[in-house]
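Okay, so here's the structure we're looking at.
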Amino acid sequence: MDNIILVMVSLVVLAAVLCVTALVLIQKKKVYKIKKQLKQLEIEKNEIDGAPIIPELTKVESLVKNEKLETMYNKWKDRLDVIRTNQIPKITDMLLDANYSLSQQEYKETLCKIAKLEMEIYKVRTNSDFLLNEIKEITTSEERNRTIITDLKSKYRDLYEKFTNSKNDYGEIAESIQLQFENIALKFEEFERTMENNEYTEVPAIVKNIDDMIKHMTVVIEEVPNIVLLTTSILPKKMDEISKEYENMINEGYPLDYLNIEYNIDEANNKISDIKDRAKVLNLEDSLFELKILSDYFDSVFTDFEKEKLNKSTYEEANKVFSRKLNKNNHLMSELFNQLDDIKKVYNLKDDDVKTLERVRDDIDNLNNDYKLLLDHTGNNTFAYSKLIKEIENLSLKLASAEEQVDVILNSIGNMKDDEVRARQQLEEIKLIINESKHKIREYNLPIIPKTYFVELNEAQIAIKEIVKELEKKPITIEVLNTRVDTARDLALKLFKTTKEMMRTAMFAEMAIVYGNRYRSEEEELDKYLIYAEKLFFNGEYQKSLEIAINSLNKVEKGIYDKLLKLYSNE
């Protein structure tokens with residue numbers, strides 16, 4: 001028991017030792033981190049203190065030759081004194097205070113002082129860097145600006161050489177360009193005087209001025225030849241050609257008012273004059289762009305002229321075609337309505353067809369009026385041919401629609417005429433069929449003709465009379481006529497078929513009876529059937545007579561039907 005208690009006590013003591021050790025280690029690490037921060041801040045303070053401001057100020061002191069630079073030098077000295085006598089000592093005191101708090105293990109307070117110290121160092125460093133940069137702007141001014149000026153002089157020489165080698169290309173603007181080159185040369189001289197007098201504060205403005213002038217002259221040397229060429233040669237030539245072509249086309253009757261050529265040429269001349277005036281003072285802003293727009297416009301005018309010529313040819317051809325079709329339809333409608341009463345008397349036209357014809361006639365009358373108006377506009381040169389083409393196309397579409405409706409009605413009338421002619425032809429054909437049926441019935445001397453035959457014959461003859469009656473009607477109703485023809489034709493063909501079948505059956509029955517006579521003396525039953533078949537034959541019941549004769553003979557001679565059929569076919 002005592003051993004267990006001893007072990008437990010040992011463990012508690014060990015745990016306590018470990019906790020204390022851990023806390024100590026953590027505290028040491030924390031202190032180490034704070035010390036490292038303070039050391040880094042001290043390094044930064046020393047860097048500020050060691051900034052090369054004094055050497056740079058010494059350089060400025062040797063350059064002071066004017067009041068403005070002397071004033072700047074004194075201000076920089078005052079600002080440096082503030083940094084060295086006030087701001088840096090303040091940082092030193094704040095570092096000492098933070099280190100003391102750390103030695104007193106006042107960690108939270110130390111961290112707070114470190115934060116304030118960082119802000120103060122940042123502020124002082126910024127002041128120091130800004131002061132140094134201002135001073136260097138003067139101390140490095142000569143070397144930096146002379147490098148820039150050397151490059152600008154090289155560009156100046158290249159531009160001037162390019163200008164002098166092609167001076168004629170610049171026309172009347174050459175004088176202004178020459179003066180501007182002289183102004184730039186004066187600026188270079190001004191730069192040298194300023195540098196000689198150590199007026200370094202004035203140098204940046206001069207250098208920038210020279211740089212801007214060189215950049216502007218680069219644009220001038222590049223664009224002015226094109227501007228001169230466009231304003232003095234290309235555009236005037238294009239406008240002259242357009243004016244002549246415009247006048248010629250107007251004299252030839254082309255409607256070109258919509259192009260506003262004369263107004264646009266005046267405006268172009270005004271714009272060219274303005275560009276020339278601005279070019280004389282070397283103001284080239286958007287000049288080349290505006291001249292390019294003018295050039296493109298005049299190129300498009302030539303295209304418009306060519307389109308108008310093509311459109312005129314297209315319009316004249318379309319006009320000829322339309323005029324020919326319109327005259328044809330005018331004549332057709334005149335002839336059609338002159339004969340309309342006669343057509344109504346001959347054929348039973350539908351009211352809708354007559355109304356359609358009247359509506360089409362009104363449409364064609366309107367087309368005549370619209371066409372006359374179009375010709376008036378054409379003669380007055382009011383509208384462009386492109387617009388006239390659209391108008392003639394619209395009229396052509398309307399005329400095509402009217403023609404289509406007329407064609408439907410004319411086809412209907414033509415079909416009526418065709419149906420009438422066909423009906424008369426078929427009437428003759430039907431009569432021939434009936435006559436042929438009558439002729440065939442007389443070819444074979446039948447003992448009797450059945451009543452059914454005369455019924456069919458009578459029906460066919462009545463149907464023929466109906467056709468004749470319909471043809472004699474005025475006006476003719478074609479639908480009824482066609483029905484009458486179809487009915488009569490069907491009845492005539494039925495009669496012809498009946499005649500052929502009746503003739504065939506009668507002849508076959510008679511052949512069977514005659515063939516059976518050879519067995520009468522031997523076969524009493526066969527004789528009875530044949531006598532009955534003969535009776536039916538003479539009563540006109542040829543089908544029954546044939547069936548009894550064949551059936552009775554088949555009992556005596558198998559296959560008699562095929563044999564008789566073969567004999568009948570050979571005959």
Side-chain angles (χ1 to χ4, degrees), residues 144-196 202-246 261 264-303 305:
R144 183 179 66 256
N145 288 318
R146 284 199 178 280
T147 301
I148 296 172
I149 287 296
T150 300
D151 182 59
L152 291 175
K153 284 182 178 180
S154 175
K155 291 179 180 179
Y156 172 87
R157 285 191 296 271
D158 292 342
L159 289 173
Y160 189 71
E161 182 180 2
K162 185 175 181 180
F163 167 68
T164 53
N165 289 340
S166 56
K167 198 168 185 179
N168 292 334
D169 294 342
Y170 296 86
E172 59 183 8
I173 314 299
E175 185 177 350
S176 299
I177 296 173
Q178 182 66 46
L179 289 174
Q180 186 67 356
F181 273 118
E182 292 174 4
N183 290 335
I184 296 173
L186 292 174
K187 284 292 180 181
F188 281 123
E189 293 175 5
E190 183 182 356
F191 169 81
E192 294 299 336
R193 285 196 305 273
T194 304
M195 293 297 292
E196 186 178 345
E202 307 297 329
V203 170
I206 297 172
V207 172
K208 185 178 185 310
N209 194 359
I210 294 174
D211 184 55
D212 290 341
M213 293 173 76
I214 292 292
K215 287 179 180 177
H216 178 245
M217 285 303 290
T218 302
V219 175
V220 168
I221 297 303
E222 184 68 28
E223 293 188 359
V224 166
N226 294 326
I227 292 173
V228 170
L229 184 63
L230 283 165
T231 55
T232 61
S233 178
I234 294 177
L235 286 176
K237 184 178 178 181
K238 284 185 179 181
M239 288 189 287
D240 184 56
E241 291 175 355
I242 285 172
S243 296
K244 291 178 180 177
E245 183 66 12
Y246 175 74
I261 298 298
N264 289 334
I265 287 177
D266 289 340
E267 288 296 308
N269 281 321
N270 292 336
K271 176 58 71 175
I272 290 171
S273 296
D274 176 62
I275 290 172
K276 284 182 176 179
D277 291 340
R278 289 192 285 119
K280 288 177 182 178
V281 294
L282 303 185
N283 179 6
L284 308 183
E285 185 178 2
D286 294 333
S287 294
L288 204 56
F289 175 73
E290 292 171 353
L291 291 172
K292 181 68 167 59
I293 290 176
L294 288 177
S295 181
D296 290 343
Y297 164 72
F298 288 120
D299 288 340
S300 71
V301 170
F302 284 114
T303 303
F305 285 164

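- Within the model, atoms OG1 of T164 and NZ of K167 stand 8.0 Å from one another, a figure rounded to the nearest 0.5 Å.
- Counted within 6.0 Å of CD on E175, heavy atoms from surrounding residues, nucleotides or ligands total 12 or fewer; the atom is thus considered open.
- Atoms CG and CD1, from D240 and I265 in turn, are 9.0 Å apart once rounded to the nearest 0.5 Å.
- Heavy-atom contacts from other residues, nucleotides or ligands closer than 6.0 Å to CD of E285 number 12 or fewer.
- Atom CE of residue M239 and atom CG of residue D266 lie 10.0 Å apart, to the nearest 0.5 angstrom.
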(Q) side-chain contact (heavy atoms from CB on, under 4.5 Å) for Y160 and Q178? Distances and angles first, verdict last. (A) CA-CA 9 Å; Y160 189 71; Q178 182 66 46; 3.2 Å; yes
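- In the displayed structure, D296 atom CG is contacted under 6.0 Å by more than 12 heavy atoms of other residues, nucleotides or ligands.
- Between T232 and K276, some side-chain heavy-atom pair lies under the 4.5 Å cut-off.
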All N/O donor-acceptor pairs, side-chain side in residues 218-228, below 3.5 Å, sequence neighbours left out:
| residue | atom | partner | partner atom | Å |
| --- | --- | --- | --- | --- |
| T218 | OG1 | I214 | O | 2.8 |
| E222 | OE1 | K162 | NZ | 3.3 |

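- With S233 contributing its side chain and L230 its backbone, the two residues share no donor-acceptor pair below 3.5 Å.
- Between T231 and P236, the shortest heavy-atom contact is O-CG, 3.3 Å.
- Across every non-hydrogen atom of L282 and H216, the tightest pair is O-NE2, 2.7 Å.
- Side chains of D211 and I148 form no contact here, defined as non-hydrogen atoms less than 4.5 Å apart.
- In terms of modelled atom types and a separation under 3.5 Å, the side chain of S295 and the main chain of K292 share no donor-acceptor contact.
- Distance check: I261 CD1 to E245 CD gives 10.5 Å after rounding to the nearest 0.5 Å.
- We find the CG-CD1 distance between N270 and I275 to be 11.0 Å, quoted to the nearest 0.5 Å.
- Counting heavy atoms from C-beta outward, K271 and I293 have side chains that stay 4.5 Å or more apart.
- In this structure, the side chains of S176 and V281 stay at 4.5 Å or more apart for every pair of heavy atoms.
- Distance check: S243 OG to K238 NZ gives 14.0 Å after rounding to the nearest 0.5 Å.
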Q) Yes or no on side-chain contact (heavy atoms from CB on, under 4.5 Å) for N283 and D277, after CA distance, side-chain angles and deciding distance? A) CA-CA 9 Å; N283 179 6; D277 291 340; over 6 Å; no
Q: Applying side-chain contact (heavy atoms from CB on, under 4.5 Å), run through M217 and Y156 and close with a yes or a no.
A: CA-CA 9 Å; M217 285 303 290; Y156 172 87; over 6 Å; no
Q: Would you check, one step at a time, whether the test side-chain contact (heavy atoms from CB on, under 4.5 Å) holds for I242 with F305?
A: CA-CA 9 Å; I242 285 172; F305 285 164; 4.1 Å; yes
All N/O donor-acceptor pairs, side-chain side in residues 183-190, below 3.5 Å, sequence neighbours left out:
| residue | atom | partner | partner atom | Å |
| --- | --- | --- | --- | --- |
| N183 | ND2 | L179 | O | 3.4 |
| N183 | ND2 | Q180 | OE1 | 3.3 |
| K187 | NZ | E190 | OE1 | 3.4 |

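- Counting heavy atoms from C-beta on, the side chains of F298 and N264 never come closer than 4.5 Å.
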